[in-house]
Each structure stands twice: as C-alpha cells, then as structure tokens.
Amino acid sequence: MIHSYGTFAPADFMVLVHGGAGAVHQDALARHMDGCMQAARIAGELLAAGGSAEDAAVRAVTTLEDDPVFNAGTGACLDEDGTLSLDAAIMEGGALRGGGVCALPPFKNPVAIARAAMDDGEHVLYAAEGAARFAMARGFTPASEEDMITAVARERFAAVRDRGELSGWAGGTVGAVVVVRGHVVAATSTGGKINKRKGRVGDSPILGAGTYADDAAGACSATGDGERFMRMCIAKSVIDQLTAGATPESAARDALATMVARVGGDGGLIVVDRTGRMGLARNTSTMTWGAMAEGWSEPRGGS
Ligand code: ASP
C-alpha cells in the first residue's frame, strides 16, 4: 500500500525534510518528527533571512546529521567492520551542479563535504580515502569514532549480527528538498544499511537515484532500499514525471508504485516542484518529515 500526502499550495520558498522511511516505533515517533520540524524551522529561518536554497538544504541536513536519532552523521549505522561508512550528496537545479561523498570514514557532516565538492566543480563524487583526503584539503577535520558512534548504533549492529542477517535496514536516512522562487536543491545523507559490506554504496550519493534537482521541474530526495532505488533511477524518474506535468504527490506515488511493480522494495520520497508545491509518498509504515514555507508561522510535520 502506498501512502501519499496532499500537496500544499505554492510558496515563494519551501523546505521539506525527511528523517527516513522505515518503521519508527510509536514511542519514538514524536521525537523523530520534532527533529524533522526543527531542521525545517532552522532552514526556513535561513531562507526568510534571504539565504540561498543551497545553504538552506545544507543547514537542514547538517541539523539532522547532528541529531543522533537519525541514521546520518552522528548516530549513523555501522558497516560490517563496526565503523561508519557515510554517503551524502547535494544537487542544485540551475546549472545542474552536484557533489557527493560515499564510503566516507567518520566526519561530522558529510553533506557539507558534498557541498564543497559541488562548489569545487572538478569531480562530482569522491569515495572512501579519496573523499577523506578531499575533505581535509577543504578544511574539514576527521571525527573520532567515539564522538560519532552511539550506543544505540552499536546495539542495533550487534542485534543484526546475532540474528545472522547479512545487512539490515536502519531507517533514519535524512534528506531535504528546497525551492526558492523557482530554484531547487536536493540533498541526502545516510549511514546506509546496518552491517553492510565494506565498500557498499547506496542510492543517496548517486545523482538520479537518491538525489536529483532540476529547475525545469523540481527536486527529490529518496529514502529506502538503496539497491532497488539505484536500479530504478528513482529520483530522476520523479523529476521526469514532474516535467511531464504530474504534481509532486502523484509523481512520488507513481514512482514508488512503478518500483514496487518492477523490482519490489520499500521506501519513501519527498518532492518539491519549481512552483513551491510539495508532495511525499511512502510504502513503509513511517517516514517522518517536516516542512516550512514562506508565510507559515510554524513548521508542519508528520510521519
Ligand atoms: N537509501 C539508503 C541506502 O540504501 C538507506 C535508507 O534510506 O534507509 O543507503
């Protein structure tokens, strides 16, 4: 069953964030939604003060990376070696510039390094040691595992190993889509899957799979089964549907339904179009989200 949410009216600026598709327990749902609404509020304040869509997307995602509840930055899930291997990307829809890092060792804010890659412009995607080298050359300091790995992440890792599972869905990936007077940006950040093999990269840092933005249509950030999302180029398929005239809500719903029909899989999508309308869809039991738009006194959120 695909759940989708109504499309709000167009706004001059809009930021919409997600805290990951999955199955957040009822007891933890309010905390997850608060985290998303807080990220939307902070990014919305930046936009209200005249900040750029790029700055707002990075601000929203770094806020979520710093919140240990989510599977990104601090609190991210662990790979088969019991350490962090982080993926993140950002894309802006004007000149279609993008930047990403994947299999990145511990750094506090992978999305900020992705932004540095986008601004640098030489390459789009940096992996593993090369990503760390690029980050340090741009002034980012490596973090210690002790600072970034939480007790909860260790417990969940141990539970997956005890059950003998190859890799387990962590939930809690984060993303943001922003529109400012027709200019759109998408950003996504994740630890990926629990106990994933060393070197595994998911959809989040792959432009077109987990993250895509085009001022001709809109922006999309995905969360869910990365292997399936990559095979469907799902974020780009949402943008193609917007281009063909779909609303953000129906584009998100149809892209998920097509994925399920073709390759199976679970997840969720957040979408804004160039006019400032937003839409979301998921086929998981939860996907927490928060949004803030020009003219709203408070952020809205849901699950
Ligand atoms: N899409 C992410 C990945 O496969 C995980 C998630 O969104 O929960 O790495």
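Remember, it's 1-based here, ligands and their atoms both numbered in the order they're listed. Because the structure is predicted, anything quoted here is derived from the model rather than measured. In this chain, residues are counted from 1 in sequence order.
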Problem set entry | Short side-chain donor-acceptor distance under 3.5 Å, Asp81 and Thr83 | no

Exercise. In terms of atom number and element, which parts of ligand 1 are under 4.0 angstrom from non-hydrogen atoms of Gly226?
Worked result: 4 (O)

Exercise. Under 3.5 Å, side chain of Arg277 to main-chain N/O of Pro248, donor-acceptor pair present?
Worked result: no

Problem set entry | Closest protein heavy atom (residue, atom, distance) for atom 8 (O) of ligand 1 | Trp169 NE1, 2.8 Å

Exercise. Tell me: protein heavy atom nearest atom 4 (O) of ligand 1, and distance?
Worked result: Arg200 NH2, 2.8 Å

For this session: Supply the atom-to-atom distance Phe134 CZ to Tyr126 OH, rounded to the nearest 0.5 angstrom.
Result: 4.5 Å

For this session: Answer with yes or no whether the hydrophobic clustering places Leu86 together with Val174; edges join I, L, V, M, F, W, Y residues whose side-chain heavy atoms lie under 4.5 Å apart.
Result: no

Exercise. Hey, does Lys193 come in under 3.5 Å of ligand 1, counting only N/O atoms on both sides?
Worked result: no

Exercise. Any idea which atoms of ligand 1 are less than 4.0 Å away from a heavy-atom of Thr223?
Worked result: 6 (C), 7 (O), 8 (O)

Exercise. Do Ala222 and ligand 1 have an N or O pair less than 3.5 Å apart?
Worked result: no

Problem set entry | ligand 1 contacted by Gly210 (non-hydrogen, < 4.0 Å) | no

For this session: Answer with yes or no whether the side chains of Thr63 and Gln38 bring together a donor and an acceptor at under 3.5 Å.
Result: no

Seminar exercise, completed: Looking at Thr173, Asp225, Asp203, Asp87, the heavy atom closest to atom 3 (C) of ligand 1 belongs to Asp203

Exercise. Donor-acceptor pair, Asn195 side chain versus Leu166 backbone, under 3.5 Å?
Worked result: yes

Exercise. According to the interplanar angle, ranging from 0 to 90°, do the rings of Phe70 and His32 count as parallel (below 30°), tilted (30 to 60°) or perpendicular (above 60°)?
Worked result: perpendicular

Exercise. Is Ala21 in polar range of ligand 1, meaning some N or O pair under 3.5 Å apart?
Worked result: no

